[in-house]
Amino acid sequence: MPRFSIIVPVFKVQGFLRECLDSVLGQSYADFEVIAVDDRSPDGCGAILDRYAERDARVRVLHLPENVGLGRARNAGLEHAGGDYVLFLDSDDHYTPGLLAAVAERLGATGDPDILVFDHVRTHWWGRGGRSKAAGLLAAGADTDTFDIRENPQYLHLFLVAWNKAYRRSFFLEHGLRYAPGLYEDAPVTYRSMVLAGRITCLDRIGVEYRQRRQGAITKTPGRRHFDIFPQYEGLFAFLEERPDLDWALPHLFERAMDHMLFVLASEDRVTAADRPDFHREIRAFHRRHLPAGFTPPDDARGTEMRLLATAPYASYAALRGLRALRGTAGKGGRRAARTVSKATRRTSYAVRSRLPLDPQLAVYSATHHRGVSGDPAAIHAKARELAPHIHGVWVVREDAVDSLPAGIDHVTPGSRRYHAITAQATYWVNNVNWPGTLAKRPGSVHLHTHQGTPLKFMAADLLTKPGARHGFDVPRMLRRADRWDYSLVANRHSELVWDRAYPCHFTSLRTGSPRNDVLVNAGPDDGRVVRARLGVPDDRTVVLYAPTRREYRRGGHVERIDLVRFAADLGPDHTLVVRLHPSLATGHARGLGLAELHRRGVLIDATDEPHVEDLMLASDVLVTDYSALMFDYANLDRPIVVHADDWDAYAASRGAYFDITAEAPGHVSRSYRELARLFASGAWRDEEAARLRSAFRDRFCEFDDGRAAERVVRTLMLGERMPTPVSPSVAAAGRLPAPASGRDLLTSS
């Protein structure tokens, strides 16, 4: 039998689950089993668990037939545990390195006590916090061998959770300790076990990173479910009434129960203002039923609140809390008041513009900060004009981009009178970046976020660990704007997991595929030739598309990784080099590096200003990129991709990456210009190994791109119809082949 059984209940945490499991399986101490309990999670958690179980024999997965909640999921795992000690770990948290080795050593040194308690650190969505308030208690406890609660009741103030303890399994089973349904299930088990334990020890070590999620955590979801705290404590005190030998514990546990209930009452993200009087009445009723004889409240602010419970109604409690809040804000200057007034002004202004009802036949579109008609929003707009012509689409476009709009595009410019009218009444909102914060979301409107491709580099909340990369980004404001999303489009499960983690908001993820990639999936052999003719590329040329991305570790974002003149010359006269810079590099320093002159001389084609990058992909035979998300879209064409990764370590360290593109590449990887030139000189860029890598990459990242993404969005969200689920590329390939390249080297599907 293993030394430890680690029980991990799992529900709707697909964005965090891998980090949790990796933190356990990567421990230096290996004598453990993981019992992962899939609590009928509706997302991809079950599949993730099964993949881990296939790779590591220490992982066992229980798929529950129905959702039972956190407490009963722990109980289900406990039934299958065989270790000497049981630990519980929430699936959005993770262990710190070396924890299990330290726990094992401490247990051995103290003769296998009933309970071992260790510390944690809170990891807020905006960054890591400090140690728990009980750090001092843990340090003191670690200086002794073992203790019991009767002689040391101060240890009842340790953090009230399941996951900061190791329980001797025989002790847990002997006393019939089980978690009850509902919220606050930790309380009765923790307190009951602590007063029953004959020997408790402490480990003065941070063992868990406790994730404080911005959204999704039930402790941050106001509602009547927080009334569950009362039956949980009723169960604890019913147990105590049956155990007169534990009468000594009644005053201590009563004080902890009152403190816990009053804490929940004061939490605006748990108990709503409307429910507060009822919640307070329940606390008073509990107080009357269970007040121990001679109980003395603590001599502090919380003690004052406890004294009021005996005699005063809710109004007295509310007045006391209000006075405290007023004192807390006094002396902080007028900035908060000014912000409040400013917000009120904006709300009033928007209310005036929004008195008219929503127009169910009006949609507003934007792409890449109002730079024009492009990307997923453009594909959705085009399909809506075809399938839902009754829905009028209006684009928000900057004044300096109006002249480049295609014919027939209705548009408004930001800040104009019609802009305010359109945004006040539109039912459908489609964008690939966030809408400005000045635009509020009206009830009944549908906000659809398409993103700008599959993420390789860190995004949104994940940038909080990369201060250099997030320079100029206000991540909290970014997430407040993302709170308006109703739907998030994804082309693969990787994106789904990343967006769940990077944007901890309340949107629904839709496995539609990427609408902008429909043109790639459905392309015919002549589509690329049309673009080549427009660019002036002869039919017999092999077109090499070079698309570098920006670098956060370099001022201006551009690092010239390749000598383009040399590369064009080394490719030879039967190749044409087409360069497409990242949109953020389209102006400024990067464009001053001579691209225009090289274009004029015929050395290469500068296609940075081409409005539709999909056209360039269709016209090319091979993509050379570093870390651009373009590679994920290009994989739909099943044409060779070369990743030039000469600064991957610096890029990953400065920006952060969700996986190592050099280890899971869509084709050959070059680490220097010499390697890049050799790939093309030898023809290895299109060999069997390149095809094998490309096929695996395509199956993973083009998973939902079946050529009907835009149609799926319009029919599902605008017309209320149902569409079949996208099939994977390997399945779709049985019925179609990607469009061949248009140049001298016609490439077929691998």
Side-chain angles (χ1 to χ4, degrees), residues 71 74-75 78-79 81 84-88 107 110-118 134 137-138 140-142 144-162 164-182 184-203 228-262 283 285-298 302-303 306 309-310:
R74 287 183 184 142
N75 296 341
L78 186 64
E79 296 300 320
D84 297 331
Y85 279 82
V86 175
L87 295 88
F88 301 96
L107 291 175
T110 53
D112 283 5
D114 298 322
I115 304 172
L116 177 146
V117 188
F118 48 84
L137 274 176
L138 288 167
T144 64
D145 185 20
T146 61
F147 57 87
D148 63 27
I149 291 297
R150 184 163 190 169
E151 300 300 324
N152 300 272
Q154 69 272 22
Y155 285 95
L156 290 173
H157 289 258
L158 292 171
F159 198 42
L160 183 64
V161 289
N164 65 348
K165 303 174 184 70
Y167 292 101
R168 186 163 52 80
R169 186 170 64 91
S170 58
F171 163 79
F172 209 85
L173 297 176
E174 173 190 350
H175 292 285
L177 295 168
R178 295 294 186 276
Y179 293 94
Y184 304 103
E185 77 293 335
D186 296 31
V189 172
T190 296
Y191 288 140
R192 185 173 164 182
S193 64
M194 294 289 275
V195 298
L196 288 170
R199 300 173 63 243
I200 302 171
T201 192
C202 291
L203 176 65
D228 288 356
I229 193 171
F230 300 112
Q232 297 287 12
Y233 276 104
E234 286 291 349
L236 173 63
F237 277 75
F239 162 75
L240 292 172
E241 289 174 3
E242 297 174 355
R243 294 289 301 267
D245 58 311
L246 296 177
D247 283 351
W248 60 267
L250 283 171
H252 303 297
L253 294 181
F254 181 78
E255 186 269 330
R256 298 315 304 148
M258 290 294 98
D259 180 80
H260 195 182
M261 293 174 186
L262 289 167
I283 300 177
F286 187 95
H287 185 277
R288 286 194 301 271
R289 287 193 296 271
H290 299 294
L291 178 66
F295 172 73
T296 303
R302 184 72 86 212
M306 292 180 190
L309 289 170

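The structure presented is a predicted model; accordingly, all values stated were derived computationally and were not measured.
Between the CG atom of Leu246 and the CD atom of Glu241 there is a distance of 12.5 Å, given to the nearest 0.5 Å. Between atom CG of residue Asp247 and atom CG of residue Leu240 there is a gap of 8.5 Å, rounded to the nearest 0.5 Å. Atoms CD1 and OH, from Ile115 and Tyr155 in turn, are 13.5 Å apart once rounded to the nearest 0.5 Å. To the nearest 0.5 Å, atoms CD (Glu234) and CZ (Arg289) are separated by 4.5 Å.
Taking the side chain as every heavy atom from C-beta outward, Ile283 and Phe230 approach each other to under 4.5 Å. Inter-residue side-chain proximity for Cys202 and Leu138 is flagged as met; some heavy-atom pair is nearer than 4.5 Å. Asp84 places none of its side-chain heavy atoms less than 4.5 Å from the side chain of Arg169. With contacts defined as side-chain heavy-atom distances shorter than 4.5 Å, the pair Val117/Leu203 does not qualify.
Of all the heavy atoms in Met306 and Pro298, the pair that sits closest is SD-CD, 3.8 Å. Here the shortest heavy-atom pairing between Pro181 and Gln232 reads O-NE2, 3.0 Å. Closest approach of Met194 to Ile200, counting heavy atoms only: O-CD1, 3.7 Å. Summarising the geometry of Gly303 relative to Pro297, their closest heavy-atom pair is O-CB, 3.8 Å, with the distance given to 0.1 Å. The nearest pair of heavy atoms linking Leu177 to Ser193 is CD1-CB, 3.7 Å. Taking both residues in full, the closest heavy atoms of Gly182 and Asp228 are given as CA-OD2, 3.3 Å, listed atom of the first, atom of the second, then distance.
The closest donor-acceptor contact from the side chain of Thr110 to the backbone of Thr201 lies at 3.5 Å or more, if one exists at all. Within the 3.5 Å criterion, the main-chain N or O of Phe159 finds a donor-acceptor partner in the side chain of Asn164.
A salt bridge (Lys or Arg N to Asp or Glu O under 4.0 Å) with Asp186 is found for exactly one of Arg192, Lys165, Arg74, namely Arg74.
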task: Determine, step by step, whether His157 and Arg256 satisfy the side-chain contact (heavy atoms from CB on, under 4.5 Å) criterion, reporting the C-alpha distance in whole Å, the side-chain angles of both residues, the deciding distance to 0.1 Å, and the verdict.
output: CA-CA 8 Å; His157 289 258; Arg256 298 315 304 148; 3.1 Å; yes

List the steps and the verdict of side-chain contact (heavy atoms from CB on, under 4.5 Å) for Leu158 and Thr190. CA-CA 10 Å; Leu158 292 171; Thr190 296; over 6 Å; no

**Report entry** side-chain contact (heavy atoms from CB on, under 4.5 Å) assessment of Leu196 paired with Arg243
**Finding:** CA-CA 11 Å; Leu196 288 170; Arg243 294 289 301 267; 3.7 Å; yes

TODO: Kindly indicate, with the supporting measurements, whether the criterion ring pair (Phe, Tyr, Trp, His ring centres under 6.0 Å) is fulfilled by Phe88 and Tyr179.
DONE: CA-CA 12 Å; Phe88 301 96; Tyr179 293 94; 5.4 Å; yes

Would Phe172 and Val86 count as a side-chain contact (heavy atoms from CB on, under 4.5 Å) if you check the C-alpha gap in whole Å, the side-chain angles of each, and the deciding distance to 0.1 Å?
-> CA-CA 9 Å; Phe172 209 85; Val86 175; 5.8 Å; no

**Item:** Criterion ring pair (Phe, Tyr, Trp, His ring centres under 6.0 Å) on Tyr85 and Tyr167, from CA distance to verdict
**Value:** CA-CA 5 Å; Tyr85 279 82; Tyr167 292 101; 9.2 Å; no

Subject >> Residue pair Arg199, Asp114: steps toward the salt bridge (charged side-chain N to carboxylate O under 4.0 Å, His left out) verdict >> reply: CA-CA 6 Å; Arg199 300 173 63 243; Asp114 298 322; over 6 Å; no

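Using a 3.5 Å distance cut-off with no hydrogens or angles, the side chains of Tyr191 and His252 do not pair a donor with an acceptor.
Ring planes of Phe254 and Phe286: parallel class, angle under 30° (limits at 30 and 60°). The aromatic rings of His290 and Phe237 sit tilted relative to each other, their planes meeting at an angle between 30° and 60°.
Between Asp148 and Arg150 no salt bridge is recorded (no basic side-chain N to carboxylate O distance below 4.0 Å). Checked for salt-bridge contact, Arg178 and Glu79 meet the test: a charged N lies under 4.0 Å from a carboxylate O.
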